[in-house]
Amino acid sequence: MLTVKGLNKSFGENEILKKIDMKIEKGKVIAILGPSGSGKTTLLRCLNALEIPNRGELAFDDFSIDFSKKVKQADILKLRRKSGMVFQAYHLFPHRTALENVMEGPVQVQKRNKEEVRKEAIQLLDKVGLKDKMDLYPFQLSGGQQQRVGIARALAIQPELMLFDEPTSALDPELVGEVLKVIKDLANEGWTMVVVTHEIKFAQEVADEVIFIDGGVIVEQGPPEQIFSAPKEERTQRFLNRILNPL
Amino acid sequence: MFLNNLPALTLGTAIPWDLVQQSFWPILSGGIYYTIPLTILSFIFGMILALITALARMSKVRPLRWVFSVYVSAIRGTPLLVQLFIIFYLFPAFNVTLDPFPSAVIAFSLNVGAYASEIIRASILSVPKGQWEAGYTIGMTHQKTLFRVILPQAFRVSIPPLSNTFISLIKDTSLASQILVAELFRKAQEIGARNLDQILVIYIEAAFIYWIICFLLSLVQHVIERRLDRYVAK
């Protein structure tokens, strides 16, 4: 569905991503792991041009962007409309209710019929377990609830691909489960997803493929069973050790 | 000096209620027909100008930034009274007749626009970057994100400082008396000139009317603030 070729991103002198190649296949869930500063979030953000790569290509089935050339704004919009993004800090619109947050994209961007969108948005909120909270403002919701609204908002634009940037890292531990469950349900429904996460157990259960990034390169990738039980690279082993035995 | 000609309002002098009563409506009418419309019109045009200026100064186009920076600097660096006189005499210099009132609207709009642009710029910058990104990821353009996501939030932040600007503007319009706009203070001056022995009373009366107008409008501010605070955790 999406092929990433030779993706490179620098901030000034600092090269964050060095020639990343990866393939995201339809219906697969990819978990990206890596120490902080490894470039995993930057990679995810490059996938929908929140960061503009310096070089490299993103190729969907029906269209592609080559970042080595000057990129047209219209192409960036097209790229963004293919994917839904869920942020670590939710970034819900604070001046709109849960329902309005979910409706915003379809109504304002896709110019779809408001009544129709409203029905769909309520279904989406129902799916993430928040139908009864639809008229509340974000500040009236818990972190876990806000993040679930964030997921519904991203789904509402009917993307081909869902991107999650550490969706549970800002949550109190007891709220992590409710969000992971929603993501897991999406995986079971066949959504194509890329999830940057620190939740090893979640990656183990849900991901079809795990990518371990360090220092801006993909160090190792493969099915979770292999990465977690028999990592080949020493860097992967050390990272997993630190996460599994923090003391 | 001319003050010597005025009998001082000594303590114990009875307040001339007759004069206060007679002059109340003429002074207030200056407020209703000139001060308030002048304030509101200038504020509306000033806000439009302020938004344009704030956006221009944040744009990537360097000449645009430069032009509007010069505008803000010039307005902030010169007295309002001087600006008022320049605008008043500017149009006749090009053989265009412009009444005092529209001249005043132009001068005050330019003035408010420059000051308020800084408030609006700061309010826009106060909205977290994640809000821009959230707009982008649901497919919005930069402009759409600005108008649907950022400005509504910036607006709430800017209400208290903009209210200050508004209240200052009400009082600053008294300067328009100097270019013959028949506003509240000019009315007071005219009546005062006919009642030199009671001129202090007239000016205190004028001050009192300004105070009431400002007080009423600050109540409106509270209503707006409360309405916009409905989505913020208390």
More than 12 heavy atoms from other groups under 6.0 Å of [atom1] on [X]:
X	atom1	value
B:F155	CZ	no
B:W211	CH2	no
B:F45	CZ	no
A:F11	CZ	yes
B:Q143	CD	no
B:Y33	OH	no
A:E25	CD	no
A:F63	CZ	yes

Chain B contact via [X] - side chain, backbone, both or neither, heavy atoms under 4.5 Å:
X	answer
A:F93	both
A:S83	backbone
A:L136	neither

Side chain proximity check, [X] to [Y], heavy atoms < 4.5 angstrom:
X	Y	answer
A:Q73	B:H142	no
A:L50	B:W132	no
B:P128	A:H91	no

Give a yes or no answer on whether the side chain of [X] reaches the backbone of [Y] with a donor-acceptor pair at less than 3.5 Å.
X	Y	result
B:K144	A:V109	no
A:E104	B:R148	no
A:R80	B:T137	no

Rounded to the nearest 0.5 Å, how far does OH of B:Y136 lie from CG of A:N48?
12.0 Å
Measuring from atom CD1 of B:I138 to atom CG of A:N101, what distance do you get when rounded to the nearest 0.5 angstrom?
8.0 Å
Kindly determine whether A:H95 and B:R156 satisfy side-chain contact (heavy atoms from CB on, under 4.5 Å), including the steps that lead there.
CA-CA 10 Å; A:H95 56 307; B:R156 194 189 65 80; over 6 Å; no
Heavy-atom pair with the smallest gap, counting every atom of A:R81 and B:G139:
NH2-O, 2.7 Å
Of the non-hydrogen atoms in B:Q131 and A:L92, which two are nearest, and what is the gap between them?
NE2-O, 2.8 Å
